[in-house]
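Lettering of chains follows the sequences in order, A, B, ..., and the numbering in each one begins at 1.
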Protein chains: 2
Amino acid sequence: MNVQTAQTWQSVQKEVLRRIHARDWKPGDLIPNETELAKEFGCARTTVNRALRSLAEGGLLERRRKAGTRVAAQPVAKATLNIAVIRHEVEDRGARYGYQLARREVRIAPTHISATLGVCVQDRLLHVMALHLSNDAPYALEDRWINAVHVPDALKQDFQSISANEWLLQNVPYTRGEISFSAKPASAENANYLNCPENSALLAVDRLTWDHDQSVTVVQVLFAPGHQMRTRI
Amino acid sequence: MNVQTAQTWQSVQKEVLRRIHARDWKPGDLIPNETELAKEFGCARTTVNRALRSLAEGGLLERRRKAGTRVAAQPVAKATLNIAVIRHEVEDRGARYGYQLARREVRIAPTHISATLGVCVQDRLLHVMALHLSNDAPYALEDRWINAVHVPDALKQDFQSISANEWLLQNVPYTRGEISFSAKPASAENANYLNCPENSALLAVDRLTWDHDQSVTVVQVLFAPGHQMRTRI
DNA sequence: CATGTTATTATGTATGAACATAAAAGCATG
DNA sequence: CATGCTTTTATGTTCATACATAATAACATG
């Protein structure tokens with residue numbers, strides 16, 4: 001019953017975290033309710049709420065009205081990966097960024113692409129392929145289809161000096177998207193661009209974005225062999 | 001100056017989002033300050049604060065004291081991957097989970113492992129290798145080293161029926177960790193366990209966890225070819 | 001005993017007021 | 001003109017209070 005002073009929500013959170021890590025409160029345990037904790041810490045319930053809510057967002061606590069707050073039995077580690085503009089990614093690593101447009105064409109897309117984008121099979125889409133370089137070495141290969149029906153402005157861009165990656169982010173809004181991570185063997189073409197042996201294991205990031213119910217773009221980014229995406233948990 | 005009614009922080013957030021998506025407020029733009037928005041929406045500043053803060057956490061807004069709030073020029077998409085217990089992952093997909101212990105040994109670790117875990121090279125660590133199955137097909141191969149100096153209880157476990165993955169999460173706390181995603185070619189041994197051709201492209205998830213300044217475990221999970229980790233953004 | 005209704009309770013949210021704090025902008029001083 | 005101090009301002013946070021809501025627990029009723 002140590003009444004504390006100088007209560008900020010961070011200090012409350014820190015103390016709660018300490019108790020969880022020290023196993024005072026074990027996974028699955030119900031912890032005291034907000035009112036009791038507020039009394040113990042000598043602060044307002046609002047402050048305790050702020051501290052616990054943010055821990056719950058991180059997956060460490062599970063909260064339910066009336067049922068109370070408990071320590072997550074099996075905390076699902078949430079790995080948050082920042083998918084930034086590739087140029088920034090390279091520059092943040094302190095490397096010199098380079099960009100090469102490999103292909104730009106307006107054409108009818110393969111059926112799996114038009115199906116994914118939800119457009120008619122005979123719609124002409126913009127296909128852009130580009131290589132991103134880090135200190136002149138291949139860094140990532142971007143293979144993108146843009147829904148030119150919904151984004152006609154894209155047709156005016158030649159993507160010679162600015163990547164579609166960057167142009168879209170600056171100019172075309174999207175409201176939602178899907179992203180998936182997988183490993184893929186390098187095709188002959190991939191290997192040629194990325195300057196690696198054919199069938200090398202490549203990290204692939206596939207993205208599909210929508211603006212309300214209109215698809216915007218679908219893209220696959222293949223990273224050069226050995227590439228890692230890292231984060232803390 | 002439409003004065004709204006029934007203000008919840010969610011409705012404020014929704015309206016702010018609408019304006020961003022409609023490009024009323026464009027990337028890089030400074031938006032009205034909290035006091036003004038509160039007046040416009042007819043709610044308390046606290047409510048506006050809650051709405052904007054949560055958008056800022058998601059990376060869509062950038063806020064700085066005195067400088068104000070602006071729409072992120074290049075919203076960094078934050079892909080949050082849930083790294084759950086593998087058994088749950090399989091079961092959530094509606095498949096039958098299976099588990100096979102492949103190896104369990106207490107031995108001196110390769111130097112890169114003891115270095116990673118920050119233990120003495122001659123410390124004996126627990127090495128566990130196990131195969132996770134989905135509907136009897138190989139799903140993921142777990143290759144793990146446990147810091148037996150810090151987690152002596154692990155030595156008592158045979159890991160015949162419960163995976164180290166699950167046992168650790170239930171029994172050993174950690175305060176922080178690192179996680180990285182990459183693509184790797186299957187070694188002969190990998191290929192044997194995962195029942196795939198040698199050099200297949202495999203998605204690899206590497207995790208390293210710490211309890212304060214003691215390392216807990218380092219693990220590599222290799223997923224069977226074709227595996228995808230998905231999320232919405 | 002099963003089932004539906006009601007009370008209770010813990011979290012969730014809104015409010016206005018107050019003060020804290022970071023950072024920009026203005027100002028003074030050498 | 002450079003440098004350091006002061007003011008101003010927008011966000012950040014705390015608080016007490018009040019009411020909303022979901023979900024459990026208690027109760028009544030057939």
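- If you check residues 54-69 of chain B against DNA chain C, the residues with a heavy atom closer than 4.0 Å are B/Arg64, B/Arg65, B/Lys66, listed by number.
- Formation of a donor-acceptor pair under 3.5 Å by the A/Arg104 side chain with backbone atoms of A/Gln157 is found in this model.
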Salt bridge (Lys or Arg N to Asp or Glu O under 4.0 Å), that's the test. Do B/Glu15 and B/Arg18 meet it? Break it down for me. CA-CA 5 Å; B/Glu15 172 60 14; B/Arg18 193 195 63 71; 3.1 Å; yes
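- In this structure, NZ in A/Lys78 is found 14.5 Å from NZ in B/Lys78, a value given to the nearest 0.5 Å.
- Against DNA chain C, the stretch residues 44-51 of chain A makes heavy-atom approaches under 4.0 Å through A/Arg45, A/Asn49.
- Side chains of A/Thr116 and A/Trp145 form no contact here, defined as non-hydrogen atoms less than 4.5 Å apart.
- Side-chain contact between A/Asp136 and A/Arg96 is present, with heavy atoms from C-beta onward closer than 4.5 Å.
- Atom CZ of B/Arg70 is separated from atom C1' of D/dT9 by 15 Å (rounded to the nearest Å).
- Scanning DNA chain C 5' to 3' for nucleotides with an atom closer than 4.0 angstrom to a non-hydrogen atom of chain B gives a first and last hit of C/dT13 to C/dA24.
- Going from atom CD of B/Glu34 over to atom C1' of D/dT13 covers 11 Å, rounded to whole Å.
- Proximity of a side-chain donor or acceptor of A/Arg63 to a complementary backbone N or O of A/Thr69 within less than 3.5 Å is not detected.
- The side-chain heavy atoms of A/Phe159 and A/Arg144, taken from C-beta on, include no pair separated by under 4.5 Å.
- Distances shorter than 4.0 Å separate none of the side-chain N or O atoms of A/Gln10 from OP1 or OP2 on D/dG12.
- B/Ser54 and B/Gln13 are linked by a side-chain donor-acceptor pair at a separation below 3.5 angstrom, with hydrogens and angles left out of the test.
- The shortest distance between side-chain heavy atoms of A/Phe223 and A/Val205 falls below 4.5 Å.
- Taking 4.5 Å as the limit, every side-chain heavy atom of B/Thr209 sits out of range of all side-chain heavy atoms of B/Leu168.
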